[in-house]
Amino acid sequence: MNLNLSSQIALVDVPQKLYAPQTAVEQSEITRMEKISTDIFPDIDGAVIHLADIVVKEILKKQSDGQYCVLGLGTGNSLTPVYDELVRRHKEDKISFANVVVFNAYEYYPLQDEKNHSSISQLRRRLLDKVDIDEKNIFSPDGKIPQQRLQTYCSLYEKDIERFGGIDIMLLGIGRSGNIATNEPGSTHTSLTRLILIDELAREEMSMTFDTSESVPPCAITMGVQTILQSKKIFLTAWGEEKADMIRNTVEGNVTDSIPASYLQTHNDAHVVVDLSAASKLTRIINPWLVTSCVWNDKLVRSALVWLCKKTGKPILKLTNKDYNENGLSELLALYGSAYDANIKVFNDLQRTITGWPGGKPNADDEFRPERAVPYPKRVIVFSPHPDDDVISMGGTIQRLVKQNHDVHIAYQTSGNIAVGDEEVMRFLHFINGFNQLFSDSKDDVITNKYKEIKQFLNNKKVGDFDTKDVLTIKGLIRRGEARTACTFNNIPLNKVHFLDLPFYESGKIEKLPVSEKDVKIVMDLIEQIKPHQIYVAGDLADPHGTHKKCTDVVLAALNEFKQSGKEDDWLKDCRVWMYRGAWAEWEIENIEMCVPMSPEELLSKRKSILKHQSQMESAPFLGKDERLFWQRAEDRNRATAELYHRLGLPCYEAMEAFVKYNY
């Protein structure tokens with residue numbers, strides 16, 4: 001069973017010459033905007049093998065010379081598959097790590113739980129305890145060192161690195177703020193090993209290890225930028241589109257202390273190793289016409305013209321031959337004959353993405369419409385990872401589908417229970433206890449005893465403590481109630497509201513369990529029961545905690561299982577899968593295949609449906625660094641999409657929700 005199909009979603013067919021040039025001339029041509037050597041692989045597996053080859057080659061070379069191989073290692077999630085491959089080679093290929101010396105890149109400070117919540121414990125679990133490295137060759141900053149000894153201790157850590165002749169290979173991930181190790185924005189290129197305050201964005205990333213951002217220690221002892229730059233070779237890794245902007249800034253931007261990873265531009269043997277998703281914002285991938293000749297397809301032409309409109313400040317139909325020639329798009333003039341013909345082609349393509357009939361317009365010519373006219377009405381399943389993603393992401397479209405008489409089902413894939421604050425639990429407990437007092441004279445012992453028990457737990461709860469099963473159950477009930485209220489507001493009968501409670505989510509922690517066949521079976525049963533003509537799934541696979549990706553993988557795996565088993569009935573062969581995006585990002589306009597407009601009244605109605613999820617307003621635990629509430633993010637995103645269409649010369653709407661079709 002393939003449980004990672006979302007990683008194979010390729011919205012753009014990138015020619016191989018753009019990520020794997022065959023000659024040095026091609027390499028020089030397409031990478032001229034890049035200031036760090038960057039190796040792009042079509043998937044993570046290829047990149048991991050490449051990195052493991054380099055590390056193993058260095059280990060074996062040092063072994064033959066009778067020397068230590070000194071590795072500087074980070075603990076970012078992007079390095080986990082690399083460590084897995086090194087462990088595999090140790091076990092299956094008998095590669096020895098006996099001559100390896102490891103320096104851990106950073107450690108939390110002050111450290112309370114060294115066994116479970118430390119950087120070195122992560123490194124041990126992923127690599128060190130699984131290979132034959134000598135314990136005396138493992139060096140890590142001491143997160144328990146007394147503060148008065150810190151400065152001297154950091155100097156000694158530098159001397160330990162020098163004593164082994166420096167670091168041969170440094171392996172690093174890149175943080176969302178551009179940090180390397182925990183060198184946060186503002187770190188200077190002369191910084192050495194030191195104590196540093198962890199910023200809010202880094203704390204949120206680290207919460208995957210600590211289960212809450214509040215339990216992440218305030219500081220870290222980190223190798224400095226200069227310490228890292230003294231390494232003989234440096235490899236920076238990143239996977240997935242969530243790191244694409246930061247990779248572009250690191251590789252193509254200026255050297256700046258606001259993006260510490262950009263200092264790698266000053267190193268003579270630094271390399272960035274990424275998959276295509278993480279490389280998607282590099283010039284050679286997103287704007288290839290600026291660095292080479294292109295093989296033009298419809299999506300690339302659309303992308304080029306939208307880029308040209310933004311650069312010139314003109315709508316599509318006002319672009320001229322001169323605009324094309326002056327901005328590196330003369331190939332399109334040769335292809336289409338004139339700017340006018342190219343403009344009309346792209347204008348019509350974009351106009352045809354707009355529809356007020358997301359389920360298809362009955363009794364209409366659907367040749368150029370995003371959705372087919374028949375069957376009508378359609379059976380529809382909207383899969384929502386959390387109990388509010390449906391209305392945040394496509395609330396306007398849901399209301400349209402219901403008004404146009406389609407049979408709409410909402411399937412909430414997870415309970416969303418960890419995203420409810422304790423104060424919400426207390427509010428509901430007080431209500432239940434008060435109800436018991438008023439109408440039962442406090443005679444319901446279950447309510448009375450549970451009230452006291454849970455209240456006592458919450459009053460004594462410390463930062464980092466896991467919720468009890470009862471507390472998680474109540475938090476899940478709160479979110480179920482809010483979801484039902486929102487569905488009722490949208491005129492969806494409660495018998496068409498499904499709470500799947502997929503097992504992978506129920507870890508009680510931010511870091512979830514792996515997706516399993518149990519999750520897929522639950523989704524398969526629902527699909528087989530409803531036999532939908534349309535399915536909507538989350539397409540924002542870079543959400544901060546990875547739940548959306550796992551939820552989408554479950555649905556795609558279910559569809560793939562139907563297909564592989566031969567149980568693909570006629571309804572499934574004709575079922576279309578549409579991917580939406582939510583509070584975190586929007587589809588690039590060149591990829592949009594269906595765009596549903598909203599009037600001011602419809603946008604307000606969408607806002608009201610989002611506001612039914614009261615636990616996710618100001619007190620929601622995972623609002624992130626963005627200070628806007630979810631309804632504000634959704635409205636800003638929808639208005640921005642409508643404004644972009646308008647600037648391109650298309651009709652002016654209040655807001656729009658965008659979708660991309662998944663081909664399975």
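Under the 4.0 Å criterion applied to side-chain N and carboxylate O atoms, K531 and D407 are not assigned as salt-bridge partners. Comment: K521 engages D525 in a salt bridge, judged by a side-chain N to carboxylate O separation of less than 4.0 angstrom. With respect to D84 and R126, no salt bridge is recorded, no charged nitrogen being found less than 4.0 Å from a carboxylate O. With respect to D553 and K549, a salt bridge is recorded, a charged nitrogen being found less than 4.0 Å from a carboxylate O. A salt bridge links R639 with E635: at least one charged nitrogen is closer than 4.0 Å to a carboxylate oxygen.
Applying the salt bridge (charged side-chain N to carboxylate O under 4.0 Å, His left out) test to pairs two or more places apart or on separate chains, those with a residue in residues 270-281 are D245-K281. For residues 346-356, every residue pair satisfying the salt bridge (charged side-chain N to carboxylate O under 4.0 Å, His left out) rule, not counting sequence neighbours, is listed here: K345-D349. Applying the salt bridge (charged side-chain N to carboxylate O under 4.0 Å, His left out) test to residues at least two apart or on different chains, none of the pairs has a partner in residues 15-28. The salt bridge (charged side-chain N to carboxylate O under 4.0 Å, His left out) analysis of residues 313-327, with sequence neighbours excluded, yields the pairs K314-D323, K322-E326. Here ring pair (Phe, Tyr, Trp, His ring centres under 6.0 Å) pairs that include residues 315-346, with residues two or more places apart or in two chains, number zero.
A 4.5 Å side-chain heavy-atom check between L236 and T250 finds at least one atom pair inside the cut-off. In this structure, the side chains of K233 and H267 stay at 4.5 Å or more apart for every pair of heavy atoms. Contact annotation: the side chain of Y653 never approaches that of N638 to less than 4.5 Å [non-hydrogen atoms, C-beta and beyond].
Defined by atom type and a distance below 3.5 Å, a donor-acceptor pair is missing between the side-chain atoms of W307 and E590. A donor-acceptor pair shorter than 3.5 Å can be found between the side chains of Y412 and D390.
Within 6.0 Å of atom NZ in K299, more than 12 heavy atoms from other residues, nucleotides or ligands are found, so the atom counts as buried in its surroundings. Within a 6.0 Å radius of CG in N254, other residues, nucleotides and ligands contribute 12 heavy atoms or fewer.
When the ring-ring contact (aromatic ring centres under 6.0 Å, His included) test is applied to F504, no partner is found at least two apart in sequence or on another chain. Applying the side chain to side chain contact (heavy atoms under 4.5 Å, CB included) rule to D43 yields the partners D45; only residues at least two apart in sequence or on another chain are considered. Residues that satisfy the ring-ring contact (aromatic ring centres under 6.0 Å, His included) test with W357, not counting sequence neighbours, are absent from this structure. Every residue two or more places apart in sequence or in another chain that forms a side chain to side chain contact (heavy atoms under 4.5 Å, CB included) with P377 is listed here: H406. Under the side chain to side chain contact (heavy atoms under 4.5 Å, CB included) criterion, L276 pairs with V14, Y19, I40, P42, I285, not counting sequence neighbours. Every residue two or more places apart in sequence or in another chain that forms a side chain to side chain contact (heavy atoms under 4.5 Å, CB included) with E602 is listed here: R400, M598, S599. Applying the salt bridge (charged side-chain N to carboxylate O under 4.0 Å, His left out) rule to K311 yields no partners; only residues at least two apart in sequence or on another chain are considered.
Only one option out of E367, K361, R369 pairs with D365 in a side-chain contact (heavy atoms from CB on, under 4.5 Å); it is E367.
In this structure, S78 contributes its side chain and W239 its backbone to no donor-acceptor pair below 3.5 Å.
Aromatic ring centres of Y536 and F659: separated by under 6.0 Å.
Residue K378 comes nearest to G359 through the heavy atom pair NZ-O, 2.6 Å, listed as atom of the first residue, atom of the second, then distance.
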